[in-house]
Structures are given as C-alpha cells and as structure tokens.
Number of protein chains: 2
Amino acid sequence: MEILEQKHLALIDEAERRGDGPTANLRLCFEVIALAAAIDRDCAARLAPHNLSEGKFVLLFLLHQLPDGLSPHELADRAGVTRATVTGLLDGLERDGFLARQQSKDDRRKVLVRLSPKGEDAARELFDTHTRWIASLFAGFDESDRQTLSTLIQRAWRNTDGGRKAVQTKAASEITQ
Amino acid sequence: MEILEQKHLALIDEAERRGDGPTANLRLCFEVIALAAAIDRDCAARLAPHNLSEGKFVLLFLLHQLPDGLSPHELADRAGVTRATVTGLLDGLERDGFLARQQSKDDRRKVLVRLSPKGEDAARELFDTHTRWIASLFAGFDESDRQTLSTLIQRAWRNTDGGRKAVQTKAASEITQ
DNA sequence: GACAGATAGTTAGGCGCCATATCATAAGAC
DNA sequence: GTCTTATGATATGGCGCCTAACTATCTGTC
C-alpha cells in the first residue's frame with residue numbers, strides 16, 4: 001500500500017543511493033503532496049460528470065444566491081485566480097448553460113455574471129455533496145487528531161516562501177501597531 | 001497569518017452560513033492542500049530560472065548517469081505520466097539543449113534519450129539543491145513529529161478513492177497468498 | 001512468408017492555469 | 001474640456017497534463 005507517486009519514489013531512491021543524509025523529510029514532504037494530489041483527483045472525478053472542474057465549481061458557488069450577480073473582476077478576487085483565468089472558466093460555464101453574461105448599465109466596461117436556473121440548481125446540490133465528501137476524508141479524526149495535524153502542517157508551511165512572507169508581514173504589522 | 005487560499009475561505013464561510021455541521025474537517029483538508037500548493041509554487045519558482053518545470057526536472061534526474069539513456073516509454077513509466085506528456089517535455093528539454101533524441105539501432109520504433117553535458121551538469125547540481133530544499137521544509141521536525149504527521153496523512157489518504165483501492169488490492173493479494 | 005495484434009512514439013485537441021498585451025471605458029487633474 | 005491614468009474584460013500564447021487517434025515497427029501464429 002504505497003501512498004507515494006512513482007517519480008517521488010525514484011527521487012528518494014536516488015537520494016538514498018547518494019547517501020544524502022536523512023531522506024525521512026523527503027518522504028514526509030511527498031506524502032503531503034500525494035494526499036493533496038489524491039484529493040484533487042477525487043474532486044475532479046466527482047465534478048467531471050457535471051461538466052465542471054474545481055475552478056468552475058468555485059465560481060458557481062460564489063455566484064450562488066446572488067441575484068444581482070458579480071463581475072468577472074470580483075469573481076477573480078474571491079476565487080484567488082487571475083481575471084484571465086476567470087474569462088476562460090466563464091466561457092465554459094456560459095457555453096454549458098450554467099450562467100449568462102450581461103452588460104452592466106452603470107459602467108459599460110463591466111459585465112455582470114448571473115447564474116441560470118440550471119446553474120443555481122447545480123450550485124445548491126453540488127455544494128452539499130461536495131462539503132460532505134470533503135468532511136468524509138477526515139472521518140474518524142477526533143479534535144485532538146485535527147489539532148495535531150493542523151499544527152504540524154502549519155509548522156511546515158511557515159518554512160515555505162509564502163509562509164515566511166506571511167510571518168514577516170504579520171511581525172511588521174504588529175510593530176506598526 | 002492565514003494559510004488557506006481565498007476560494008477555500010469562501011467555501012468555509014458558506015458552509016458555516018448554512019450550518020452544515022462541523023467545518024473543522026473542511027479546514028483541515030484545505031490546510032493540507034494549501035501546504036502542498038505552497039510547496040509546488042516554491043518548487044516551480046526554484047526551477048523556472050533554469051528553464052525547467054517539475055516534470056522536466058524529474059526526467060532530467062531519471063536520465064542522470066545513464067550513459068545508455070532511456071526510451072520515452074521507460075521515462076513515462078518511471079515518472080508516472082503518459083507517453084504523450086513525455087513527448088512534450090522532451091520537446092522542451094531538447095530545444096533547450098538538455099538532451100538529445102537518437103534512433104535506437106536494434107528496434108527502429110524506439111528512441112533513446114541521452115543527456116547532453118549541459119543536462120548532466122544541471123541534473124547533478126539541481127538534484128542536491130533540490131533535495132536539500134525539500135528537507136529544509138521540515139526542519140525542526142524530530143522523529144516523533146514525522147511519525148505523527150505521516151500516520152495522520154496516511155489515515156486520511158485511506159479515505160480517498162486511490163487509497164481505498166490500494167487497501168482492497170492489498171487485502172486481495174493477502175488472501176491469494 | 002503473410003497477417004493479426006502488440007508496442008513505440010507522435011500528433012491533435014482539450015482543459016485549467018498563468019503572464020503579458022490590447023482595447024474600451026471611466027475618473028481625476030489641470 | 002482635454003489628457004493621463006486607472007480599471008474593466010478579453011486575446012494570445014505558453015505550460016503541463018490528459019485522452020484518443022494515428023503511423024511505424026516488431027512478434028507470434030498459422
């Protein structure tokens with residue numbers, strides 16, 4: 001029952017062959033990545049039958065129950081992707097009838113995106129099954145397990161570039177206060 | 001110091017708004033994904049200056065110190081990607097002078113891929129810095145931390161589709177024995 | 001020795017994501 | 001009122017990955 005991916009096994013082999021110190025950290029890193037990749041694959045597999053990807057699903061639920069719609073720009077900000085990416089995702093969603101684009105009245109540069117009834121249905125239904133599925137991944141975890149896992153992940157995260165920057169930003173803002 | 005991505009924060013908000021039971025598991029899942037994504041980003045940022053991606057780097061180190069080279073098929077198997085993907089990666093690597101393709105003598109369907117001196121240099125040098133960097137992500141983890149994290153990750157992994165299949169396969173093979 | 005089926009590599013087309021460049025419109029400075 | 005600058009959205013082209021289809025070659029069978 002090997003959790004790691006092929007390429008990572010090969011990398012660990014090579015590191016061991018070179019006697020490159022402790023490969024335990026390598027293995028740990030690849031286990032994290034393997035879990036995330038497995039979750040991504042499952043997510044994609046669950047959404048594909050509906051002609052949706054993870055990115056499209058996010059837009060769908062961001063637009064859910066917003067009769068006034070949102071602009072592509074707002075969608076990009078809230079989804080954390082570029083505006084260009086949103087344009088591509090909207091193209092697909094509009095083609096498949098989940099939503100419609102409409103020119104804004106007050107700002108003629110702007111576009112308003114609104115879900116169609118089909119989109120509203122999909123958002124409502126998929127959101128529930130989706131969150132239930134995600135929660136089920138950690139079935140059997142009690143509060144202590146969750147706390148432990150979360151703490152260890154955050155410790156590693158602080159060693160990434162993004163994590164380091166966040167720590168610095170936080171420190172700077174605390175001094176400023 | 002928020003570790004989660006924008007879209008996941010929005011998803012958790014919505015789940016809480018709906019009172020959809022425990023959102024703690026959601027948060028945990030997204031933390032795993034955020035760590036993996038941060039690592040991926042760092043990896044890409046470190047390789048980009050050399051005109052390499054993670055996929056290309058894997059091919060490079062698979063070919064390292066193999067004067068007889070490998071075929072695209074073998075590379076695909078060992079890297080865990082499709083042959084078509086390997087073709088694309090090889091195109092880029094060949095264009096950038098890291099390797100050369102050469103017709104095999106004994107099987108004229110086959111192609112042999114060999115690193116150039118530039119490719120050999122890059123593989124040797126990058127492999128070391130790369131593994132050191134990965135190990136540094138878990139700096140400060142002692143054996144007990146590693147064991148704990150690994151166990152928790154594997155427990156979650158067994159709840160993914162891939163994990164379930166692996167468990168079944170293992171059980172079946174044990175019965176057969 | 002011809003022929004079916006396996007195998008090797010590539011091509012074509014798609015998806016999701018990105019960065020960069022382009023074009024329309026809006027808002028503020030003077 | 002014009003002119004710069006900011007802000008919309010999109011187009012273009014790239015990357016890594018996929019599947020499916022194609023061509024060339026090899027292999028085993030009759």
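Note on naming: letters A, B, ... go to the chains in the order of the sequence lines (proteins, then strands), and numbering restarts at 1 for each one.
- If you check residues 45-57 of chain A against DNA chain C, the residues with a heavy atom closer than 4.0 Å are Ser53(A), Gly55(A), Lys56(A), listed by number.
- The listed nucleotides are dA9(D), dG16(D), dG9(C); the one nearest the side chain of His73(A) is dA9(D).
- Sorted by residue number, the members of residues 74-88 of chain A with any non-hydrogen atom under 4.0 Å from DNA chain C read Val81(A), Thr82(A), Ala84(A), Thr85(A).
- Ser71(A) comes within contact range of the sugar-phosphate backbone alone, with a heavy-atom separation under 4.0 Å but no base atom that close.
- Atom CG in Leu89(A) sits about 16 Å away from atom C1' in dA11(D), given to the nearest Å.
- Legend: salt bridge (charged side-chain N to carboxylate O under 4.0 Å, His left out) pairs involving residues 142-154 of chain A, not counting sequence neighbours, sorted by first then second residue: Glu143(A)-Arg146(A), Asp145(A)-Arg155(B).
- Residues that satisfy the side chain to side chain contact (heavy atoms under 4.5 Å, CB included) test with Thr85(A), not counting sequence neighbours, are Val81(A), Thr82(A), Leu89(A).
- Direction of the helix axis in the helix from dG1(C)-dC30(D) to dC30(C)-dG1(D) shifts by 10° between the two five-pair termini, rounded to 10°.
- A heavy atom closer than 4.0 Å to some atom of DNA chain D occurs in no member of residues 29-38 of chain A.
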Can you give the donor-acceptor pairs under 3.5 Å from side chains of residues 32-39 of chain A to other protein atoms, not counting sequence neighbours?
none

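- Atom CZ of Arg101(A) and atom P of dA9(D) are 10 Å apart (whole Å).
- Among residues two or more places apart in sequence or in another chain, the side-chain hydrogen bond (donor to acceptor under 3.5 Å, both in side chains) test is passed with Arg164(B) by Asp161(B).
- Contact check on Glu2(A) versus Arg27(A) returns a salt bridge, with a Lys/Arg side-chain nitrogen under 4.0 Å from an Asp/Glu carboxylate oxygen.
- dG16(D) atom C1' lies 13 Å from atom CZ of Arg95(B), rounded to whole Å.
- Within 4.0 Å of Arg41(B), counting heavy atoms only, lies no atom of the nucleic acid at all.
- Relative orientation of the Phe61(A) and Phe127(A) rings is tilted, given thresholds of 30° and 60° on the angle between their planes.
- Ring-plane geometry between Phe30(B) and His8(B) is classed as parallel, the angle between the planes falling under 30 degrees on a 0 to 90 degree scale with a further cut at 60.
- In this structure, His130(A) and Trp133(A) have tilted ring planes: the angle between them lies in the 30° to 60° band.
- Residues satisfying the salt bridge (Lys or Arg N to Asp or Glu O under 4.0 Å) test with Asp121(A), not counting sequence neighbours, are Arg124(A).
- For Arg83(B), the side-chain hydrogen bond (donor to acceptor under 3.5 Å, both in side chains) test picks out no residue, with sequence neighbours left out.
- Taking a cutoff of 4.0 Å between a charged side-chain nitrogen and a carboxylate oxygen, Lys118(A) and Asp96(A) do not qualify as a salt bridge.
- Nucleotide dC15(D) holds its C1' atom 14 Å from the CG atom of Leu59(B), rounded to whole Å.
- When rounded to the nearest whole Å, the span between CD of Gln103(B) and C1' of dA24(D) equals 10 Å.
- Rounded to an integer number of Å, the gap from Leu70(A) CG to dA9(D) C1' is 15 Å.
- For the pair Leu93(A) CG and dA9(D) C1', the computed distance is 16 Å after rounding to whole Å.
- When the P atom of dA8(C) is taken as reference, atom CG of Leu90(B) falls 15 Å away, rounded to whole Å.
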Which atom pairs link the protein and nucleotides 25-28 of chain D when you take only N or O atoms and keep those under 3.5 Å?
residue, atom, partner, partner atom, Å
dT25(D), O2, Arg109(B), NH1, 3.2
dC26(D), OP1, Arg108(B), N, 3.0

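- Every side-chain hydrogen bond (donor to acceptor under 3.5 Å, both in side chains) that Asp91(B) has, sequence neighbours left out, goes to Arg101(B).
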